Amino acid sequence: MFHEFGGPEKLRYEEVPEPKISDTEALIRVKACALNHLDIWARRGTRSERIPMPHISGSDIAGEVAEVGRLVKNHNPGDRVLIEPGISDGTCEYCASGWDSLCESYKIIGYETQGGYAEDVSVPARNILPIPGKLTFEEAASVPLVFLTAWHMLTTRAHLTAGETVLVWGAGSGVGSAAIQVSKVLGAKVIATAGNDEKLEKARKLGADWVINHRTQDVPAEVKRFTEGRKANVVFDHVGQATWEKSMRSMALGGRLVNCGVTSGGKAEVDIRFIFVRQFSLLGSYMGGRGELLKVLAFFEDGRLKPVVDSIFPLKNAAAAQTRMEKSEHFGKIVLKV
Ligand SMILES: [Zn+2]
């Protein structure tokens, strides 16, 4: 947990009282919790007004049900579960139409509430889901946030269809490695970028048809070459500022750029002439709906989607785990084992 915002050195490993649960909540004994870039934004104090302090991060939780509130049915102590990371009221117009993340009361567990970098966490019982297939706790923790995000971006937002080509920036990130797999399930052709050859090889193994080193190669030129001049129908971006202009030059006529984050910064120039003449669509995306998470989890039952675990750190080494993420040394999900 951290008591003040700053670098990884602000993370402290300490004793806290066991979380209390309400009648509709459950206490989860955490076995594994995956990192997200969100944890780094939280610790650095970006949008600090949203973070309850002192703060325990961790949005991707897998573990066992330890205790349930008086009104909770269908979940029992000992159940192996993963936790849906988004909390919403479930009753408003947006929730009712599957757009949970637009709900006025939408919160991400471990960001706007206390999270899973802990032995125990309290969560709304309706966020509890069974672990699909034969996934280990570490694998299960690697799934929810990034696969939900990638699914919402590629299906609901960008309407990626079979036979189309998608450019996935930063294949080594959790969401990038999820996007490659989701795109293949949807029948698309995938061009993935990464910053070193080892990551490019891993992207290829996950199903990328073509790979580009975005540090040493000209991404728009390579995209054009692979697609014989047609370029990419969809650009999948979570980098923002650093990739924006190259994304514009990599898009096919009628292309869709879908973005879920700005790890390199949020300011970019838009030449509106490209947008209207080439009929581009610029799409924002944030998390996704419960229905979408249930849909994407089903692909883990038969192994068509696979968790990508980069590395596993003991909980007390959370600072080292976050440093690995900040240095972009990872491919897939970094997981804390509790
Ligand atoms: Zn709602």
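Computed from a predicted model, the values in this text were never measured in an experiment. When a ligand or atom number is given, it counts from 1 through the structure's own listing order. The figures here come from the full heavy-atom set of this structure, side chains too, leaving out hydrogens, waters and symmetry mates.
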Measure up the His152 and Trp99 rings against each other and bin them: parallel (under 30°), tilted (30 to 60°), perpendicular (over 60°). perpendicular
If the condition is ring-ring contact (aromatic ring centres under 6.0 Å, His included), which residues does Phe300 pass it with, not counting sequence neighbours? Phe147
Given the ring of Phe137, does Arg80 sit roughly above its face, with NZ or CZ under 6.0 Å from the centre of the six-membered ring and within 45° of the axis? yes
Residue pairs passing the salt bridge (Lys or Arg N to Asp or Glu O under 4.0 Å) test with at least one member in residues 282-301, sequence neighbours excluded, are Glu84-Arg290
Contacts of His238 that satisfy ring-ring contact (aromatic ring centres under 6.0 Å, His included) - sequence neighbours left out: none
Only protein N/O/S atoms count here: give how many lie under 2.8 Å from the Zn ion (ligand 1). 4
So that I can tick it off, tell me whether Arg29 and Glu119 are bridged by a salt bridge, with the cut-off set at under 4.0 angstrom between side-chain N and carboxylate O. no
